[in-house]
Amino acid sequence: MESQKVKRKAGRPTEKQSVDLNQILRVALKYFAKDGFGGVSLSGLAKNVGVADSNLYHHFKNKETLWKHALQLVGDEIIHDLDELARLIKDLDGIEQMKLFHKKIVFISAKHPEFQQIVVQEMFSKSDRSKWLIEELLSPIYGYVNTVQQKEQAAGRIKTIPSANLTSFIIGSITTLFSRSYQMQAQYGVDPFAEEEVERHADIINDLLFHGMLSEQTKLDT
C-alpha cells in the first residue's frame, strides 16, 4: 500500500487530515502483537497514532482489513529479502544455501519480532485469519527453505525428516530467542536484539542444526 504523507498540525485530529499509512500499519502491528487481535480497536489505534477514527475507517473498512494490511506490509518485506538472497546464492551448494537462509531468518526474526509474535498467536487454532496468513505469507516465506531442504533430502545429503517436524524445529529454534526476549534478558542477562547476540545466535543455530541434520554419508564425505 502506497504511503501517503503529510505534515499534521498540532491539536485534535480532524477528518480532513491525511495519514502516513505505512507508519500506521507498523504501529498497528506492534499493538496486535502486544494485545492480540481481540485487544485492538480502530478507535483506540486512531487515538494512539493521533488521527480521527473516520480517517482509519476510510482506509481500512474494519479491524481485520487493517490487520491484514499490517502483516502484508512486513510480510512483503520479508519475502523481498528472502527472494533477493535466493537470487544471490542460487549457484551455491545446497547445504550452504540452507545455512544462509537460516542466518537470514535469524536476522529477519530480530528485525520483525512482532510479526513472529502474531504468527504464534494465530497458529494455535483454525480461523479465517490463520488460513489467510498461511496462504498469503507463511507458505511463500517457508517455501524458500523447504525447496532447498527437499532437494538435499532427495540427494541424500541431509536426513529425510518430515517437513512439518523439520520446519517447526528450525523456525522454533530461531525465533524463540526473540519471542521470549524478556525471559532471555531477565533470566540470562542477554539482550537478544544486540547485534553481536543476533550474529552469535545465527552461528549457533547452523552449528547445532547441521550436526544433527546431515546424513551419515555426508558426514563421511566431509
Side-chain angles (χ1 to χ4, degrees), residues 1-3 22 25-26 29 68-120 122-123 130-179 192-193 195-215 217-219 221-222:
M1 181 175 297
E2 188 175 347
S3 177
N22 283 358
L25 292 175
R26 293 185 193 282
L29 199 73
K68 287 180 178 179
H69 278 290
L71 283 164
Q72 190 80 58
L73 176 68
V74 174
D76 285 349
E77 292 175 357
I78 293 172
I79 291 170
H80 175 271
D81 286 349
L82 291 172
D83 197 56
E84 182 68 12
L85 176 62
R87 184 182 65 79
L88 292 173
I89 67 175
K90 61 184 177 63
D91 295 325
L92 295 182
D93 171 84
I95 289 176
E96 289 305 311
Q97 288 186 39
M98 290 177 67
K99 289 180 178 180
L100 289 169
F101 274 126
H102 295 163
K103 189 166 187 175
K104 172 62 76 173
I105 293 172
V106 169
F107 279 87
I108 286 172
S109 299
K111 183 179 179 181
H112 302 291
E114 294 86 8
F115 183 89
Q116 178 60 27
Q117 188 65 35
I118 293 171
V119 170
V120 171
E122 297 294 335
M123 290 303 115
S130 60
K131 185 173 182 289
W132 177 88
L133 190 51
I134 291 169
E135 291 176 351
E136 297 297 323
L137 297 177
L138 297 185
S139 290
I141 289 170
Y142 289 5
Y144 290 96
V145 180
N146 290 158
T147 298
V148 183
Q149 286 172 356
Q150 290 162 8
K151 287 181 180 178
E152 293 303 293
Q153 286 178 340
R157 301 189 70 211
I158 64 173
K159 295 176 181 177
T160 301
I161 302 169
S163 293
N165 301 89
L166 185 55
T167 300
S168 61
F169 180 75
I170 292 171
I171 299 300
S173 299
I174 289 173
T175 60
T176 298
L177 182 74
F178 307 110
S179 63
F193 301 105
E195 185 176 350
E196 65 273 14
E197 292 297 339
V198 176
E199 188 75 39
R200 181 182 294 115
H201 188 54
D203 291 339
I204 290 172
I205 287 294
N206 275 329
D207 182 57
L208 293 177
L209 284 177
F210 282 93
H211 272 84
M213 195 187 306
L214 295 180
S215 67
Q217 185 58 52
T218 302
K219 290 178 183 177
D221 292 342
T222 56

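Bear in mind the structure is a predicted one, so any value in this text is a computation, not a measurement.
Remark: Y142 OH to I105 CD1 distance equals 8.0 Å, nearest 0.5 Å. To the nearest 0.5 Å, atom CG of residue L71 and atom CG of residue L29 are 5.5 Å apart. Of the inter-residue distances, the one linking L209 atom CG with I174 atom CD1 reads 7.0 Å to the nearest 0.5 angstrom. For the atom pair OG (S173) and CG (N206), the distance works out to 11.0 Å, reported to the nearest 0.5 Å. Rounded to the nearest 0.5 angstrom, I78 CD1 and S109 OG are separated by 7.5 Å.
Ring-plane geometry between H201 and F178 is classed as perpendicular, the angle between the planes exceeding 60 degrees on a 0 to 90 degree scale with a lower cut at 30.
Look at E135 and K131 and you find a salt bridge, because one of the NZ, NE, NH1 or NH2 atoms lies within 4.0 Å of a carboxylate O, short of that distance. We find that E114 and R26 are not joined by a salt bridge, their nearest charged nitrogen and carboxylate oxygen being 4.0 Å or further apart. In summary, E96 and R157 do not engage in a salt bridge, as defined by a charged side-chain N under 4.0 Å from a carboxylate O.
Scanning all heavy atoms of the two residues, the minimum distance from T167 to Q149 falls at OG1-OE1, 4.1 Å. Q97 and K90 get closest at one heavy-atom pair: NE2-O, 3.4 Å. Shortest non-hydrogen contact noted between P140 and I134 is CD-O, 4.2 Å. Minimum interatomic distance between S168 and A164 (heavy atoms only, all atoms of both residues): OG-O, 2.8 Å.
Note: F107 and H112 fail the aromatic proximity criterion, with ring centroids not under 6.0 Å apart.
Taking the side chain as every heavy atom from C-beta outward, W132 and E122 never approach each other to under 4.5 Å. A heavy-atom distance below 4.5 Å is found between the side chains of S179 and Q117. Counting heavy atoms from C-beta outward, E77 and I108 have side chains that stay 4.5 Å or more apart. Side-chain contact between F169 and I161 is absent, with no heavy atoms from C-beta onward closer than 4.5 Å. Here the side chains of I79 and L137 are in contact, with some heavy-atom distance below 4.5 Å. Within the 4.5 Å cutoff, no side-chain heavy atoms of L100 are placed close to those of K104. At least one side-chain heavy atom of Q150 sits under 4.5 Å from a side-chain heavy atom of N146. Residues I141 and F115 form a side-chain contact, since some pair of their non-hydrogen atoms from C-beta on lies under 4.5 Å apart.
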Verdict with reasoning, D203 to K103, per side chain to side chain contact (heavy atoms under 4.5 Å, CB included): CA-CA 7 Å; D203 291 339; K103 189 166 187 175; 4.1 Å; yes
Ring pair (Phe, Tyr, Trp, His ring centres under 6.0 Å), that's the test. Do H102 and F210 meet it? Break it down for me. CA-CA 11 Å; H102 295 163; F210 282 93; 5.6 Å; yes
Take E136 and K68 through the test salt bridge (charged side-chain N to carboxylate O under 4.0 Å, His left out) and record every step on the way to the result. CA-CA 10 Å; E136 297 297 323; K68 287 180 178 179; over 6 Å; no
Stepwise, does the side chain to side chain contact (heavy atoms under 4.5 Å, CB included) test hold for M123 with L138? CA-CA 11 Å; M123 290 303 115; L138 297 185; 4.1 Å; yes
Step by step, work out the side chain to side chain contact (heavy atoms under 4.5 Å, CB included) result for E152 and M98. CA-CA 9 Å; E152 293 303 293; M98 290 177 67; 4.0 Å; yes
